[in-house]
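Okay, structure first, notes after.
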Amino acid sequence: MNYFLVKSEPAKYSWQKFNEDKRTFWDGVRNYQARNSLKDMKKGDLVLFYHSNEDKAVVGIAKVVKEFYQDPTTEDPNWVVVDLEPVESFKKPVTLAEIKADKQLENISLVKQGRLSVMPLKAAEFDRIIAMGND
DNA sequence: GCCAACGTTGGC
DNA sequence: GCCAACGTTGGC
């Protein structure tokens, strides 16, 4: 089981919209590092959903329901998507400020490499954020 | 709206 | 294959 975090601007694709859709393909990744993470996702892996820009908070958990395949929004074979389904919403969104302030999360890619839109998480980091979201 | 960080592109 | 220029992302 692997863990990841994906970012979305709420104005573009919000957690709420995702829950209304019940399922989505994660398109628009145009960065090789992020793409490699998409390729590492296996069915059943869990993915934190982060709102960038407006909320700057992790708002819920999704899971991988279909492994990577050609991005249907481009002809370029470099780019892939995965299918995700919402699992649950956090009781309380975990803000970037809280993550930055947490000792156990100081090395998380979200903080260290702010511009990356899809990133792997260590199990401990994933668990920690979940715990904070359910406080 | 500014700017820092950083990935990508293209000239040499 | 190096590196400067440029574009994009995202926090503030």
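Each chain gets a letter, A, B and so on, in the order its sequence line appears, and its residues count up from 1.
- The backbone N or O of A/Leu116 lies less than 3.5 Å from a partner atom in the side chain of A/Lys7, making a donor-acceptor pair.
- Contacts with DNA chain B (heavy atom under 4.0 Å) in residues 25-35 of chain A: A/Asn31, A/Tyr32, A/Gln33, listed by number.
- Using modelled atom types, one side-chain atom of A/Ser8 and one backbone atom of A/Tyr13 make a donor-acceptor pair closer than 3.5 Å.
- In this structure, the ring of A/Phe49 has its center less than 6.0 angstrom from the ring center of A/Trp26.
- To the nearest 0.5 angstrom, A/Asp102 atom CG is 8.5 Å from A/Ile129 atom CD1.
- Note that the first and last nucleotides of DNA chain C, 5' to 3', having any atom under 4.0 angstrom from a heavy atom of chain A are C/dG7 to C/dC12.
- Between the side chain of A/Asp45 and the backbone N or O of A/Tyr3, no donor-acceptor pair lies under 3.5 Å.
- Checking side-chain atoms of A/Arg35 against main-chain N and O of A/Arg30 turns up no donor-acceptor pair under 3.5 Å.
- Inter-residue side-chain proximity for A/Val65 and A/Arg23 is flagged as met; some heavy-atom pair is nearer than 4.5 Å.
- When hydrophobic residues (I, L, V, M, F, W, Y) are linked wherever their side-chain heavy atoms come within less than 4.5 Å, the members clustered with A/Trp79 are A/Tyr32.
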Review point. Is there a side chain to side chain contact (heavy atoms under 4.5 Å, CB included) between A/Leu48 and A/Ile130 once you walk through the steps?
Key: CA-CA 9 Å; A/Leu48 294 178; A/Ile130 301 291; 3.9 Å; yes
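- Not one N or O on the side chain of A/Asp21 forms a donor-acceptor pair closer than 3.5 Å with the backbone of A/Thr24.
- In this structure a side-chain-to-backbone donor-acceptor pair under 3.5 Å is present from A/Gln70 to A/Asp76.
- Taken together, the paired segments of DNA chain C that extend over three or more consecutive Watson-Crick or G-U pairs, each closer than 3.5 Å at both contacts, are B:1-12 with C:1-12.
- A heavy-atom distance below 4.0 Å to DNA chain B is reached by none of the residues of residues 92-103 of chain A.
- For the segment residues 106-118 of chain A, the set of residues with a heavy atom within less than 4.0 Å of an atom of DNA chain B comprises A/Lys112, A/Gln113, A/Arg115, in numerical order.
- Side-chain contact between A/Trp15 and A/Asp55 is absent, with no heavy-atom pair separated by less than 4.5 Å.
- The nearest pair of heavy atoms linking A/Met1 to A/Leu46 is SD-N, 4.0 Å.
- For the pair A/Lys122 and A/Phe126, the NZ or CZ position fails the cation-pi test of under 6.0 Å to the six-membered ring centre and within 45 degrees of the ring normal.
- In this structure, A/Val82 is not a member of the same hydrophobic cluster as A/Val87, with clusters built from ILVMFWY side-chain heavy atoms closer than 4.5 Å.
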